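Structure first, then comments.
No experiment lies behind these values; they were computed from the predicted model shown. Chain A is the first sequence line, chain B the second, and so forth, proteins listed ahead of strands; every chain is numbered from 1.
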Amino acid sequence: MKKNNRLLETIKQKRLYFDGGLGSLLQGMGLQPGERPELWSITKPEKLEAVHRAYYEAGCNLVVSNTFGVNREKYENYEELIEAGINCVKAAAGGKPDRFAGFDMGPLGKMLEPIGSCSFEEAVSIFADNVKAAVKSGADFIIIETMNDAYETKAAVVAAKENSDLPIFVSNAYDERGRLMTGATPGAMIAMLEGLGVDALGMNCSFGPDKLLEIMGEFEKYASVPVIVMPNAGLPEMVNGKMTYNIDAERFSEYMVEIAQKGGTLLGGCCGTTPEYMRKMIEKVEKLPYRIPEKKNYTMVSSYSHEVVMGESPVLIGERINPTGKPKLKEALKTNNMEYILTEGIRQDEAGVHILDVNVGLPEIDEPKMMKDAVRALQSVSDLPLQIDTSDPEAMEAGMRIYNGKPLVNSVNGKSEVMDSIFPIVKKYGGTVIALTIGEDGIPDTAEGRFNIAMDIIKRASEYGIDSKDIIVDPLAMTISSNQKGARVALEVVKKLSEMGIKTSMGVSNISFGLPERDMINSVFFANALERGMNCAIMNPFSEAMMDVYYAFRALNCMDENCLEYIGYAERKPEKSVKIPSGAADNSEAVSNNRTAEDDAANCGKSALFDSILKGMKKKSAEEAAKLVNEEEPLNIINNHIVPSLNEIGKAFEEGKAYLPQLLLSAEAASGAFEVVREKLPKKENDTLQSVILATVKGDIHDIGKNIVKVLLQSYGFNVIDLGKDVSPETIRDKAVETGCCVVGLSALMTTTVPAMKDTISLLRKTGKDIRVIVGGAVLNEDYSKLIGADKYSPDAMDTVRFAREYYGN
Amino acid sequence: MMYEDVVCGHVDSRELIISETEFRRRMGGTGSLEDEISVNCRKKLDEAMNCRFAYTVTGLKFPEPGVCDFGFAEIRSNNLYKNLKGCTNAFIFAVTIGTGVDRLLMRLGITSPGEHFITDAMASAAAEALCDYTEEIIRNNFRDGSDEIRKTGYDIKEAGSEIIWRPRYSPGYGDCGIENQKIVMDCLRGEKTLGIVLNESCFMTPSKSITAIMGMNYEKK
C-alpha cells in the first residue's frame, strides 16, 4: 500500500513544501499566554482553518495539524482533538491535488529510561494511540517533529510503523553543537531512521536557516531519503515590547535557496515563519532544479550518540560479553549480576573498542529477557553501539526493539529457514547484520563455496528490502589446529569481497582454538585479514598483541594522522605487572585530607595492603593482595589486613578525622583487594556470602547515599543486591522473597517519598519472614524511622555496615 | 504585560568557573579541585556537560500577603513572598548541565563510587556555577539604562533609578512547594528550550538542573 502512495510518488517527481509556524500566528489571532493552542481545534476551528488555508495558498503542499502537544497523558479527549485538528487541515485543503494533510506528533513531555522514568514500551503505547486516531481521521502522512531525543524518536517511529501504512516523516531539533539535546549526531539519527525505514528525515526549530545550513553537510553526506529542513525565522528579539525574529522573509528565502542547493528536499518553516515567508521561499526555490538525494553506500551502525561507519578504519568489536568459555560471566548471567556485565562493557570501552558484542545465551536463562535487560543496562553506561549476538530470533527481536540507535546484529546465515526468520526482524527495526557463510550443507571448505553463500545471502536480503550495504559478511575463521587451510580460505574470501566493496568481519580469535600462546597466531592472522581489507573484527581488546596490530596497521596505512594515536597508545602501553582483576585502575592517592604525620607513623608496621587501602589506592591494593595470596590464607588476609584497614578509616570517619570521599576511595581499594582474595576462597565461603538488599524507594531518584552504603558493604565482603532507584515496594518485596535475603536497606531523600518507604516496609512485613529493615536518607531520623516501622535508622553508611555485621554475627 | 518569549543559550562547559568553596561544601568539607583525582573527574565532567540556560522576565503583583502573581500564574508561599515583596518584576530562569552528566554518573556508579561521589559534588557545583553565570547575563542585559529593559515593554524605568536585585529563590525550598516547578517549566517551555522534563514527583531530569526566581526593583538614586 505504502509503495504506491500518492504523496511519496509525488515527492519523487516534484518539490513539495511544508507549512510554517503556527503558534505566533495564533497569538496574533488572540491566543492568550498560558492558553493551550491545541484546544482551538475544537473551540475555534474556523481560525485554524484560515491559517492552514493561508499556507496552502502560499504554495505549501504539506500542511500539518494543530496536534503537536496532544497525547493521552495530557488530554483525556486526545482522539477528539486529533480528529478536529486533522479536519481543519483537510477542510483548508479543499480536496485539491498536491495538498496533503499531515498529522503532527511532538514530544511526550517525558524523559525515557534510563535517564528518565518512562519506559520505551510506554512511550510506544502513547504514540500508538495517537497514530491510531490519526489514521481514523484520514491523515495523509505523519510528521514526527521537534524531537530532541533519539530514543523517543524511535518510539514514535515504531508506533507509526506498527499502526499505520502512512508515509512517516521525522524532523529533529539540533542544538548549538549540531547534536540533539541528548547527544545524537545527524549521522546517528540518519543511520537509525533510515534503518527503521522512514520516508523522509531532517531538522526543524532551534535556529534560523543560517545555523541549520551549517549542519546540512552531514545530511548531504549520509542521507538517502528526502531531507526535511524547517528553520525558525532566526532568533527571537524583543522590540518595543513585541517579539520579533531577526531574519525577515526575504533573507529567509535566500538562505533556503542555499539549503535547497545543499540537498534540502522538503522545505518549510518553524517558529516565527508565516505564509509570507513560505511564499517568498517557494518563489525562489522553485526556480532551482529538483533532485531527491541519491542513494548512499555507507555501512553504518549507531548508538544514542554517534555513528560508526565501516570501511574508513578498522572497527573493533569487543568480544568479552559472551559466556562461551567464561565461567564468571556464566555465573553473572545465572544470578542476574548485571554489574559484572556492565563492568566488562566499560572495561572494553576504555580499552578502545568501537562496538560491544552482547551475547547472553545460556540454556538455563530466559534469553529474550536477559538480552533486553543487558542492552538497556549497557546503553545506560556506555555510548558505544552494540552488536546483538544471538541465534534466538526472539532474543534478537527483543534486543533490537529496545535498542537506542541502529544496532549491529550477529547473525544470519545462508540457511533458508534462518534467513526467513532473521531478515523480517532486521527489516522492521533496522540493523546491519553479520552474515555467516554457512549454507544448507554446512560450511564449505573452499573460498568459492563461502563466497557463493555470501552472494546468496545478499540476494535474499534484497528480497526483504535489505540493502547490501547493511550486510557484513563473516567468512568464518576456523581453527587451524584442525584444518590448516582454515586461515587461507577465510582470508581469500575477505580479499574477494573487499574488492567488490562488500564489508567483512571475523571472530578473529577462533583461528587459534586448541593451540598454545593463542595471541601469537591471532595477532598475525588479524594483521593478514586487515591487509586484505577486513573491516571489522570481533576480538579481545585486552590482548596487547591484538591492540599492537590495530594501532600499527592504522599508522602504516595513513589512518592515523601524524601517528598521534599510535604514539599515545605506545606511551600508555600496559605494564607487565601482577595480574589484577577488572576495574582496578588506580585512583592515585586519595583526596587531600587532614591526615597527619602521626597518623602515618601509627601505621608503621602494618602491611602494605593495609596501608594501600587506608590511602585509597585501588590498583596498589589489588596488587598487594595478589602478592599476599601466595603467602597467607585468604580468610586471614580478609581478617588481618582488609577489615582492620577499613575499620581504621571507618573509625577516623566517625571521629571526623577522615571525610566521606576518603572513606569511599578506601572502600573501593578494599573491594579491589577483596576481589583478588575471593578468587582464592574455598567454594563454600564464596557461596555463603552474606547478602543485603538495597534500594532507593519509589518516586525518588536520588541514589548517591544508597551507592555509598553499597560500596562500603561490598568492601566488607557483603553481597549487595542493588535494586537501583525509584523502586516499587512490590519489586523490593519480590526480591527479598526470591533471594531469601533478610536484610533490606531503604533510602529516601525527599519527604514526599517517605510514604513509599512506609509502604515498602509494610509489604515486607506481610511476607511473614523475619526481614530486618534499615532506613536512611536526609529526611529521616530515629523517631521517623520508628513511625514507619523500620528496625533501624542509620545516620551514615558505617552504621549500616555495623548493623549488617551484627546481624550476620561477624 | 508579559515578556512573551524566552531567551535561551548555550555555554561552553570549559568557561564555567566552579567554586572551590561550593565544591568542598558538597564534599563534606574535604578535597580540592586541584587534587589529581578531582582534575581527572573535571575532564570527564567537561566532556559530558551540555550547559544551557533559559530565562524570561514577568510582571509581579501581590494580590494578598503570601501570594505572588506573575501575570500568567500565582505562587502561594510566604517565603517567596517575603523575598519578592516590593519588586516590580521577576526573572524566572533555569539551567541544566545536560543528560550526559547523568549518564556519566551512572557509569561512575559502576566503575568507581569514589569518583562518582566526587563528580557528583563537582556537577552540583557546576550547575550552581552555571546559575551564577546566567544570573550575571541577566544582570548585564538588564542593567540600569540598557535597551533590553525597554524592549520588554514594561513601564518601569524612571530617570535616575537603579536596579535592586533580590537573591534567587527556587521552588522546593522553604514553604514554596516543589510542585511550582511546573509553573517555571511551563513558562520557560523547559522541555523545548532546555530538554528538562519533570517526573511525577516534580524532580527534574537531567538531574543537575536548577530553577530560580529572582526579583527586581527600581529605586531612586
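Using a 4.0 Å cut-off between charged side-chain N and carboxylate O, B:E128 and B:R25 make no salt bridge. A salt bridge is defined here as a Lys NZ or Arg NE, NH1 or NH2 lying under 4.0 Å from an Asp or Glu carboxylate O, and A:E350 with B:R107 meets this definition. Comment: B:K43 does not engage B:E47 in a salt bridge, judged by the lack of any side-chain N to carboxylate O separation of less than 4.0 angstrom. Between A:E339 and A:K710, at least one side-chain N (NZ, or NE/NH1/NH2) sits under 4.0 Å from a carboxylate O, which counts as a salt bridge.
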TODO: Determine, stepwise, if the pair A:D175 / A:S206 fulfils side chain to side chain contact (heavy atoms under 4.5 Å, CB included).
DONE: CA-CA 7 Å; A:D175 67 12; A:S206 307; 5.9 Å; no
Open item on the list: Could you go through B:C68 and B:L60, starting from their C-alpha distance and side-chain angles, then the distance that decides it, and tell me whether this counts as side chain to side chain contact (heavy atoms under 4.5 Å, CB included)?
Closed with: CA-CA 7 Å; B:C68 307; B:L60 192 52; 4.2 Å; yes
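Using a 4.5 Å cut-off between non-hydrogen atoms, the part of residues 201-212 of chain B that approaches chain A consists of B:S201, B:F203, B:M204, B:T205, B:P206.
No side-chain N or O of A:S303 forms a donor-acceptor pair with one of A:Q379 less than 3.5 Å apart.
Looking at B:T193, the atoms closer than 4.5 Å to chain A (heavy atoms on both sides) all sit in the backbone: N, CA, C or O. Of the atoms belonging to A:C205, it is side-chain heavy atoms, and not backbone ones, that fall under 4.5 Å from chain B. Both the backbone and the side chain of A:S380 come within less than 4.5 Å of a heavy atom of chain B. No part of A:F207 comes within reach of chain B, as not one of its non-hydrogen atoms sits under 4.5 angstrom from that chain. Heavy atoms of B:I196 lying under 4.5 Å from chain A are absent altogether. Contact annotation for A:T146: only side-chain heavy atoms (C-beta onward) come within less than 4.5 Å of a heavy atom of chain B.
Listed options A:G183, A:P114, A:S382, A:G116 were ranked by heavy-atom pairs under 4.5 angstrom with chain B; first place goes to A:P114. When the candidates B:E191, B:R103, B:E34 are compared by the number of heavy-atom contacts under 4.5 Å with chain A, B:R103 comes out ahead. Heavy-atom pairs under 4.5 Å with chain A peak, among B:L194, B:D186, B:L104, B:I178, at B:L194.
In this structure, A:R179 contributes its side chain and A:T185 its backbone to no donor-acceptor pair below 3.5 Å.
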